[in-house]
Amino acid sequence: MKVRLPDGSKKELPDGATAADLAAAIGPRLAAAAVAATSDGRVVDLSARLTDGASVAVVTPDSEAGRDVLRHSTAHVMAQAVLRLWPGAHFAIGPVIADGFYYDFELPGGARFTDEDLGRVEAAMREIIAEDQPFVRHELTADEGLALFADQPFKREIIQAVTEGASEVDAAADVDGTEGPPLVSTYENSPAFTDLCRGPHVPSTGKLGHFKLMRVAGAYWRGDEKRPQLQRIYGTAWESEVALEQYLVRLDEAERRDHRRLGAELDLFSFPDEIGSGLAVFHPKGGIVRMEMEDYARKRHLAAGYQFVYSPHITKGSLFEESGHLEWFADGMYPPMELDGGTSYYLKPMNCPFHILVYRSSQRSYRDLPMRLFEFGSVYRYEKSGVVHGLTRVRGMTQDDAHIFCGREQMEGELDSLLTFVLGLLGDYGLDDFWLELSTKPEGKAVGTDAEWTEATTALRRVAQGRGLELAMDEGGGAFYGPKISVQARDAIGRSWQLSTIQVDFQLPQRFGLEYNGADNAKHRPVMIHRALFGSVERFFGVLLEHYAGNMPTWLSPEQVRVLPVRDDHLAYAEHALERFVAQGLRAGVEDAAEPLGTRIRKAKLEKIPYVLVVGDQDVEAGTVGVNRRGEDRPTRGVPLEEAVEAVRRDVQGRWTSPTGGPDAAGMA
RNA sequence: GCCUGGGUAGCUCAGUCGGCAGAGCAGCGCAUUCGUAAUGCGCAGGUCGUGGGUUCGAGUCCCACCUCAGGCUCCA
């Protein structure tokens, strides 16, 4: 028989040859490295028989597919190790995830994993790997499978779900697509361990070894809060010790960028216990960053035709009854404050009802539309205690929130210009790698007719597609009142953050009976678009901080320039220089020579100040400064003072994100 | 809310068997006046997350709560 190789060539093999035979026929080094193969795009075991005419490729561990196989096989070895250490444990599923894998278990007697257990499990895994056990695939009927896993309830549940053709396809099992009784596949490592699995796997455990168990966690069976909570171990596995090491370094880098750590180090914000979980205070330096962020957004919104409104933090419950929030969002709200007359007041979780009341405060004409009402609105949401996380998930936040009221026929155009506005604005903050996600009607938790949902969803989809950006579907992920597009941004180290959301809403205008007089002198109902570009100011702050690793662009930096006199007899000149920067509206400071120059430079660098200027005898003489820019190795001496002022001014005015503030400089301490 | 691990000086952390509360950095004082990432000496700083309990004696053992981290679930 003949098979086609990736380079287009054909290879003649004896009938019945396996993928391993193919690798061996190509070369001994490939055969030794091979962990799996692909046949017509499907990843298969090396032991799989090839079919005549198939397009095949050998999979090595240094590819995405290869690492997946490695990780999946390592997960099996971990399960085997856990079952060896905890006889009678039940094991559930063990899929591959980004950069690693996990496996869920139920330990006998309700036991839990502790961090110390990770070392024991790792040691047992290394034994299994040293034993070089083969992964042997078997195919069984469902009944045989149920018998084999008689004492493994989770495996039995998977077999039942999969063979009944349930739509929830599970990664842990495989159904033979052909006629006859449904088959499931298993992999046997040793007489002591067989796992239900779709595969494929490396040929034997000896191919594994560059792994590390990362942490233990609880996880609900099938992600359902109402089902038993299982014990999960997360691990990572790589093709080589070097690759594993590089991954761990990458984790360290992410940790160095952690906005919670940077927030404390740079004295930007904190979460005092005295206030409560998920409630931040911004310190003076963080306050400047935030003020600049907000001021620029205000300017852009004004220019884009938004009108500014303000609304209170609390309201009578009747408003949230009218809006439907008490019916649909009560779980996310703080409990009511009961006042004298028995009236309940609530902290607002959203701004929309207030903006609606502004709209409804007088008669509206088609000439008023689209009406775009903007507010930095602080809202409070009662998040479950386990979910608060730094600035990205808080209980009190400020949204850069606006509601656009427009005619139905204006909707699509408005959405389109809105998306342009969003991407442009985010770009000015230095984010420029986006993808979109379209969230559709949530089942059983939505208001409105199917026709309305379809109309809104279609409009959003058309606008999103018109952008040519990657578009992912989030079926059932919409809010109860309408579908949405969320704009996801990738940061400097490739992580995605959900930022902007744009939601269409036919419901609230209806609930609140909103109207406008059309050109036809008839009453019409406006459409409402909810949108927040930062998502929340707090989250966006955190995202920018991580994106820049604390090296905020100069225009956002709390202190843009620090002037250091070499000796105190240069102090007067340093202060003169300072005045020149301050006169241009720049944020600058001077530190006198009480400490050695090297120490003061180090302090300024650790504070990530974009421009450190040193002035000494020569500068006083010549009217110059020595410029030490963030992200550059060596300073530039003898720059005329006014030239330096102008350079910083241009940096700020242009909102440069590179090189001094951008990701290019992000690696600098 | 659930699972695992934490909370000791402003920060990072040590604290053995239950027996006087420790270090580095930061801060303050004095000296030092220096050309590009840590000058020296000294001083001060703590209700060991909070509240109960066990004990002659608790940072250490037990219980409850608060809070943080990593997950699950959820979401801007």
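Worth knowing before you read on, the calculation uses all heavy atoms, side chains too, and leaves out hydrogens, waters and symmetry mates. The chains referred to below are lettered A, B, ... by the order of the sequence lines, with proteins before strands, and numbering in each begins at 1.
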[X] vs [N]: side-chain N/O to OP1/OP2 distance below 4.0 Å:
X: T114(A); N: G5(B); answer: no
X: H389(A); N: G71(B); answer: no
X: K605(A); N: A38(B); answer: no
X: R567(A); N: C34(B); answer: yes
X: S385(A); N: G1(B); answer: yes
X: Y382(A); N: G1(B); answer: yes
X: Y234(A); N: C72(B); answer: yes
X: R260(A); N: G70(B); answer: yes

Between Y573(A) and H576(A), how do the two ring planes meet: parallel, tilted or perpendicular, split at 30° and 60°? tilted

Could you tell me whether K603(A) and E607(A) have a side-chain N and a carboxylate O separated by less than 4.0 Å? no

Is the shortest distance from a Lys or Arg side-chain nitrogen in D491(A) or R257(A) to a carboxylate oxygen in the other one below 4.0 Å? no

Give [X] one of three labels, base, sugar-phosphate or nothing, depending on what nucleic acid heavy atoms sit under 4.0 Å from its own.
X: K226(A); result: nothing
X: Q618(A); result: base
X: G598(A); result: sugar-phosphate
X: A264(A); result: nothing
X: D617(A); result: base
X: D273(A); result: sugar-phosphate
X: V394(A); result: base
X: H570(A); result: nothing
X: A593(A); result: base
X: F540(A); result: nothing
X: E383(A); result: base
X: G535(A); result: sugar-phosphate
X: G223(A); result: sugar-phosphate
X: A217(A); result: base

Applying the Watson-Crick and G-U wobble criteria at under 3.5 Å, what pairs with [N]? Answer none if nothing qualifies.
N: G40(B); result: C30(B)
N: G18(B); result: none
N: G45(B); result: none
N: C11(B); result: G24(B)
N: U73(B); result: none
N: U55(B); result: none
N: U60(B); result: none

If we ignore angles and hydrogens, is there a donor and acceptor under 3.5 Å between the side chains of E106(A) and H90(A)? yes

Looking at [X] and [N], is any side-chain donor or acceptor paired with a base atom of the opposite kind under 3.5 Å?
X: E255(A); N: A69(B); value: no
X: D619(A); N: G35(B); value: yes
X: E225(A); N: C2(B); value: no

Nearest-nucleotide 5' precedence on RNA chain B, L499(A) against V620(A): V620(A)

If each of F271(A) and R637(A) is mapped to the nucleotide of RNA chain B with the nearest heavy atom, which maps nearer the 5' terminus, i.e. the 5' end? R637(A)

Kindly check if the number of other-residue, nucleotide or ligand heavy atoms within 6.0 Å of CZ (R298(A)) is above 12? yes

Please say which of R393(A), R395(A), H389(A) ends up in a side-chain hydrogen bond (donor to acceptor under 3.5 Å, both in side chains) with E383(A). R393(A)

Considering only atom [atom1], compute the distance from [N] to [M] and round it to an integer number of Å.
N: C48(B); M: A14(B); atom1: C1'; value: 13 Å
N: C13(B); M: A69(B); atom1: P; value: 14 Å
N: A58(B); M: G51(B); atom1: C1'; value: 15 Å
N: C11(B); M: G5(B); atom1: P; value: 25 Å
N: G46(B); M: U8(B); atom1: P; value: 15 Å
N: G10(B); M: G70(B); atom1: C1'; value: 26 Å
N: G18(B); M: G29(B); atom1: C1'; value: 40 Å
N: A38(B); M: C25(B); atom1: C1'; value: 10 Å

For the rings on [X] and [Y], is their centre-to-centre separation under 6.0 Å?
X: F540(A); Y: Y429(A); answer: yes
X: H530(A); Y: Y481(A); answer: yes
X: Y103(A); Y: F101(A); answer: no

Taking atom CD1 of I529(A) and atom CG of L415(A), what is their separation to the nearest 0.5 Å? 4.0 Å

Using the side-chain heavy atoms of [X], tell me which of these nucleotides is nearest: [options].
X: K484(A); options: G35(B), A76(B), U73(B); value: A76(B)
X: L597(A); options: G35(B), C3(B), A76(B); value: G35(B)
X: Q498(A); options: U73(B), C34(B), A76(B); value: A76(B)
X: R112(A); options: U36(B), C34(B), U4(B); value: U4(B)
X: R393(A); options: U36(B), G70(B), C74(B); value: C74(B)
X: R232(A); options: C72(B), A76(B), U36(B); value: C72(B)
X: R539(A); options: C75(B), C3(B), A37(B); value: C75(B)

CD of E265(A) versus C1' of C25(B): gap in Å, rounded? 13 Å

